S.K.: 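Please read through the structure below; I'll follow up with questions.
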2 protein chains.
Amino acid sequence: MQDLFTSFSLQVNNRVYIKNPESSALGRKIVESSINLIDEVGFEAFTFRKLGLEIHSNEASIYRYFESKYKLLLYLTSWYWSWMEYRIAFGLANIHSPEERLNKAIKLLTENIELDGSFEHINEYKLNRIVIAESSKSYMTKEVDQNNKEGFFAGYKQLVGRVSDIILEINPIYKYPHMLISTLIEGAHHQRFFAQHLPRLTDAVNGEDAIIEFSKEVTFKAIGAKCPTK
Amino acid sequence: MQDLFTSFSLQVNNRVYIKNPESSALGRKIVESSINLIDEVGFEAFTFRKLGLEIHSNEASIYRYFESKYKLLLYLTSWYWSWMEYRIAFGLANIHSPEERLNKAIKLLTENIELDGSFEHINEYKLNRIVIAESSKSYMTKEVDQNNKEGFFAGYKQLVGRVSDIILEINPIYKYPHMLISTLIEGAHHQRFFAQHLPRLTDAVNGEDAIIEFSKEVTFKAIGAKCPTK
DNA sequence: CATTTATGATAGCATTACTATTATATTTGC
DNA sequence: GCAAATATAATAGTAATGCTATCATAAATG
C-alpha cells in the first residue's frame with residue numbers, strides 16, 4: 001500500500017474534533033505527538049498540558065482542535081478503523097472466493113501491525129498498540145449512548161458489518177456473524193495484550209503467530225466452512 | 001447457592017487493600033456503596049469524596065482501606081473472579097462427563113448474572129455490570145506488569161486455567177485452551193455491553209440468550225467436540 | 001478505666017481539565 | 001504591499017481531583 005495514501009486522507013466523523021487536525025501543520029503535529037505520548041505514558045497520564053510541552057505549543061491551542069482528550073482518543077480510534085477498512089478493501093481486491101476473502105480479512109484484522117509509513121504523521125505501529133490498550137476506554141463510558149448517536153463508532157460498526165457480510169456469503173444462515181467478528185477483533189487485541197503482560201491467559205508464544213491461526217480456526221469452524229490455508 | 005456463603009467469605013489478595021474491608025462495618029459499607037456508586041456514575045466520575053458523602057463517612061477514612069480507587073476496583077474484580085470460581089466449583093460438583101462440565105462452565109461464565117443475595121454487602125448483579133464495563137480498566141494500564149507481579153490478577157488466571165483444564169480433558173492436543181477461554185469470557189462481556197449500547201456489533205436479541213448459545217457453539221466446534229445440549 | 005485503635009473533621013497541596021483574555025504572528029484577499 | 005481576518009502563543013484563573021497531614025473524638029480491648 002506504499003505511497004498510495006499520500007494523495008488522500010481518511011475520513012473521520014467531523015464531530016469528534018473542533019477543527020480538523022489534518023488542516024494545519026499544528027493539527028498534524030498534535031495527532032502525531034499524541035500517538036507518541038499516549039503510547040509512552042498511557043491514556044490516564046496523558047494530558048494536553050504535557051502534549052503542549054512536547055510539541056512546544058500551547059495547551060489552549062490544542063483545545064482549539066479537540067474538546068477533550070477523550071475526543072482525541074475517539075479521533076485516533078476512528079481513524080484506525082477507517083484505515084483498517086481501507087486495508088481490507090485493498091487487501092481483498094480481485095479475490096473472488098469468499099472463503100479466501102474471509103481468510104485474508106481475518107489475517108488483516110488480527111495480525112500484528114507494522115509501521116507502513118503511508119501517512120507521514122501517523123505511526124500505525126504505535127497507533128495499533130494504543131487501540132489495543134486504550135480503545136475500550138473510548139466506548140466503555142457513561143456517554144456511550146450519546147456518542148453512538150453522534151456517530152462516533154460508525155467506522156467500527158461499518159467494518160464489522162462488511163466482514164460479517166463475507167461470512168453470510170459463505171454461510172447465509174449463520175446466526176451470529178456480527179458477534180463472531182466483533183468477538184474476534186476484540187479478542188485478538190486482548191490476546192496481544194495478554195501475550196505481553198499476562199501470558200497465563202493466552203497460549204500465544206512470542207514470535208509465531210498463534211493469534212491469527214487461532215482466529216482463523218475458530219471462525220471457519222464456527223461457520224462450518226473450510227479454511228483455504230489449511 | 002443460597003445461604004451457603006453466609007458462613008465464609010471469599011479470599012482476595014491482601015495486597016489490594018490496606019485494611020481488609022471485610023473486617024469492619026465501615027469496610028463493608030465502603031464496598032457495598034462503591035458498587036452502587038460506580039455502577040451509577042461510572043468509574044471515571046467515581047471518587048472517594050463522593051463515596052464518603054454517600055456513606056456519611058470521610059474521604060480520609062476510605063483511604064485507610066484502599067490506597068486509591070484503582071485498588072478498590074482491583075478488589076472488586078478480584079472478588080468477582082473468586083466468586084465465579086466458587087460458582088463453577090459448586091456448579092460442576094458431581095458432574096463427571098467433561099463435555100457436560102465444560103458446557104455448564106461456559107453457561108456460568110457467560111450468562112447474565114442475577115442477584116443471588118448470598119453476600120449481604122455485595123450486589124452481584126451490579127458487580128457483574130461493573131466487571132463488564134470497567135474491569136478492563138483494571139489491567140489495561142501502564143502498571144499492569146507491576147500489578148501482575150504482586151498477584152492482583154491471580155484469581156482471573158486461575159479461573160481461566162481451571163476451565164482450560166476441562167478443555168484439555170476433552171481434547172488433550174487442543175493448542176489454544178487459554179486463548180479460547182479468555183476470549184470467551186471477555187467476548188461475552190463485550191457482547192452484553194454491545195447488546196445494550198452498540199447493537200450493530202452483535203446479533204444478540206434482547207431477551208433470549210444468544211450469547212450463551214454462541215459461546216457454547218464456538219467452543220465445542222473449536223475443540224472438535226459435541227455440545228451435550230445440542 | 002487506661003490505652004490502643006478506628007473514625008471523623010478540617011485543611012492543604014499539586015495536578016487536572018478546562019476557560020478567558022490579551023498579545024503576537026501568519027495568511028488572505030484586494 | 002497592506003488591512004483585515006484568522007491562527008497561535010502566553011499567561012492567568014477556577015473548580016474538581018487525588019491525595020496527605022493533623023488533630024480531635026469515639027469505640028473497642030485488655
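Here the structure is a predicted model, which means the values were calculated and not measured. A note on names: the letters A, B, ... follow the listed sequences, proteins ahead of strands, and every chain is numbered from 1.
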S.K.: Please test A/Arg87 against A/Glu111 for salt bridge (charged side-chain N to carboxylate O under 4.0 Å, His left out), starting from the C-alpha separation and ending with a verdict.
M.R.: CA-CA 12 Å; A/Arg87 269 165 52 93; A/Glu111 75 186 344; 2.7 Å; yes
S.K.: Under 4.0 Å from OP1 or OP2 of C/dT16: is there any side-chain N or O of A/Lys50 that close?
M.R.: yes
S.K.: Reading nucleotides 4-15 of chain D from the 5' end, what letters show protein touch, with B for base, S for backbone sugar-phosphate only, - for no heavy atom under 4.0 Å?
M.R.: ---SBBBB----
S.K.: When you check the gap from the basic side-chain N to the acidic O, do A/Arg129 and A/Glu134 get nearer than 4.0 Å?
M.R.: no
S.K.: Considering every strand and a 4.0 Å limit on heavy-atom distances, what is the contact class for A/Tyr63: base, sugar-phosphate, or nothing?
M.R.: base
S.K.: Let me see the working for B/Lys137 and A/Glu44 under salt bridge (charged side-chain N to carboxylate O under 4.0 Å, His left out), right down to the final yes or no.
M.R.: CA-CA 10 Å; B/Lys137 296 167 194 165; A/Glu44 355 301 312; over 6 Å; no
S.K.: Just how far is it from atom CD of B/Glu54 to atom CZ of B/Phe48, taken to the nearest 0.5 Å?
M.R.: 14.0 Å
S.K.: Does NZ or CZ of A/Lys69 come closer than 6.0 Å to the centre of the six-membered ring of A/Phe43, within 45° of the ring's axis?
M.R.: yes
S.K.: Mind running salt bridge (charged side-chain N to carboxylate O under 4.0 Å, His left out) on B/Arg28 and B/Glu120 for me, showing each step along the way?
M.R.: CA-CA 9 Å; B/Arg28 287 185 295 272; B/Glu120 283 168 51; over 6 Å; no
S.K.: Specify the separation, in whole Å, of atom CZ of B/Phe66 and atom P of D/dG18.
M.R.: 16 Å
S.K.: By a strict heavy-atom criterion of less than 4.0 Å, which residues belonging to residues 29-37 of chain A are in contact with DNA chain C?
M.R.: none
S.K.: Given atom CG of B/Asn20 and atom P of C/dT5, what is their separation to the nearest angstrom?
M.R.: 17 Å
S.K.: Between atom CD in A/Glu67 and atom C1' in C/dT16, what is the gap in whole Å?
M.R.: 16 Å
S.K.: To the nearest angstrom, how far is A/Ile62 atom CD1 from C/dT16 atom P?
M.R.: 13 Å
S.K.: Does A/Glu59 pair with A/Lys50 as a salt bridge, N-O distance under 4.0 Å?
M.R.: no
S.K.: Is B/Lys216 paired with B/Asp209 through a side-chain N to carboxylate O contact shorter than 4.0 Å?
M.R.: no
S.K.: Rounded to the nearest angstrom, tell me the gap between atom CG in A/Leu51 and atom P in C/dA17.
M.R.: 13 Å
S.K.: Tell me what B/Glu44 touches on the nucleic acid: a base, only sugar-phosphate, or nothing, going by heavy atoms under 4.0 Å.
M.R.: nothing
S.K.: Judged by modelled atom types alone, do B/Ser24 and B/Tyr65 share a side-chain donor-acceptor pair under 3.5 Å?
M.R.: yes
